[in-house]
Amino acid sequence: MRKELEKKFLDDFETNQNIAHKICRIYTTNQSAHNDLFQEITIQVWKNYPKFRGDSKFSTWMYRVALNTAISLYRKSTRRVKTQDFDAVSFKIKATDYDDTEELQLKALYKAIHLLNDIEKALIFLYLEDKPYKEISETLGISSVNARVKMNRAKEKLKNILNP
């Protein structure tokens, strides 16, 4: 029975592991923190997998577990060692025909997202994943109306951050 559970978990997790990577990208600023959070999400999804009843899609359930793990992990870490992000100091050679506009816009967006609170980050993440408000509300455990209101506020905050 345990081998069947492990195989089913591995199949489900491998199919949906990009969810964990995307959440790590939203909640971390460097590769080391990304790897640590990914490992913690994997552990939490595995620990809670026997409780997955199938009432919703596995991906929706995994979003919920992964987001809760990311939020609680970073709320608990009150003592953070300040480090400099490697990307900020690495030497980059730009080709003359390379257009980095999209890359710069993405970096600005992620930088702005990092300034949001945990719930707003989760909302924006799920919105960028093209999740319907019904699924967003189920994942975050709030009403659909509340999800829409919070989303509008988060979008407004992002607009103000990106266009001061």
- Task: Apply side-chain contact (heavy atoms from CB on, under 4.5 Å) to the pair Leu116 and Leu123, showing each step before the final yes or no.
- Result: CA-CA 10 Å; Leu116 300 176; Leu123 280 163; over 6 Å; no
- Look at the aromatic rings of Phe58 and Tyr49 and report parallel, tilted or perpendicular, splitting at 30° and 60°.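 Rings of Phe58 and Tyr49: perpendicular, as their planes differ by over 60°.
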Spacing of [X] atom [atom1] and [Y] atom [atom2] [to the nearest 0.5 Å]:
X	Y	atom1	atom2	value
Leu158	Leu162	CG	CG	6.0 Å
Thr29	His34	OG1	NE2	12.0 Å
Ile142	Ile119	CD1	CD1	7.5 Å
Thr28	Asn35	OG1	CG	8.5 Å
Ser59	Glu135	OG	CD	5.5 Å
His114	Tyr27	NE2	OH	10.5 Å

- Item | Pair Tyr110-Ile26, side-chain contact (heavy atoms from CB on, under 4.5 Å): steps then yes or no | CA-CA 7 Å; Tyr110 277 111; Ile26 293 285; 3.7 Å; yes
Answer yes or no: is there a side-chain heavy-atom contact under 4.5 Å between [X] and [Y]?
X	Y	answer
Met62	Asp12	no
Ile23	Thr69	no
Leu115	Lys111	no
Arg53	Trp61	no

How close do [X] and [Y] get, heavy atom to heavy atom, and via which atoms?
X	Y	value
Ser137	Ala147	CB-CB, 4.3 Å
Ala122	Leu140	CB-CD2, 3.7 Å
Ile41	Ala20	CG2-CB, 3.9 Å
Pro164	Ile161	CD-O, 3.7 Å

- Is there any salt bridge (Lys or Arg N to Asp or Glu O under 4.0 Å) pair reaching into residues 35-46, and which pairs are they, with sequence neighbours excluded?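 Non-adjacent pairs meeting salt bridge (Lys or Arg N to Asp or Glu O under 4.0 Å): zero.
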- Message: Show every salt bridge (Lys or Arg N to Asp or Glu O under 4.0 Å) that has at least one partner inside residues 150-164, sequence neighbours left out.
- Response: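 The answer is Glu120-Lys157.
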- Query: Can a salt bridge be assigned to the pair Lys134 and Glu138 using a cut-off of 4.0 Å between side-chain N and carboxylate O?
  - Reply: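 So Lys134 pairs with Glu138 through a salt bridge.
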- Could you walk me through whether Val45 and Phe9 pass the side-chain contact (heavy atoms from CB on, under 4.5 Å) test, one step at a time? CA-CA 9 Å; Val45 171; Phe9 169 76; 3.5 Å; yes
- Any chain of hydrophobic side-chain contacts (each under 4.5 Å) joining Tyr127 to Val149?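 Different clusters.
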- According to a 4.5 Å side-chain heavy-atom criterion applied to Ile, Leu, Val, Met, Phe, Trp and Tyr, with indirect links allowed, do Ile43 and Leu10 form part of one hydrophobic cluster?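 No, it is not one cluster - the side chains of Ile43 and Leu10 are not joined through contacts under 4.5 Å.
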- Item | Main-chain N/O of Lys51 paired to Asn48 side chain as donor or acceptor, under 3.5 Å |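 No: the side chain of Asn48 does not pair with the backbone of Lys51.
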- Task: Step by step, work out the side-chain contact (heavy atoms from CB on, under 4.5 Å) result for Met151 and Ile124.
- Result: CA-CA 7 Å; Met151 180 64 72; Ile124 294 296; 3.9 Å; yes
- Message: Suppose we screen for side-chain contact (heavy atoms from CB on, under 4.5 Å). Which residues come up paired with Lys22, at least two apart in sequence or across chains?
- Response: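 For Lys22, the residues satisfying side-chain contact (heavy atoms from CB on, under 4.5 Å) (neighbours in sequence not counted) are Asn18, Phe125, Glu129.
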- With a cut-off of 6.0 Å (strictly less than), are more than 12 heavy atoms of other residues, nucleotides or ligands near CZ of Phe52?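 Atom CZ in Phe52 is crowded, with more than 12 foreign heavy atoms closer than 6.0 Å.
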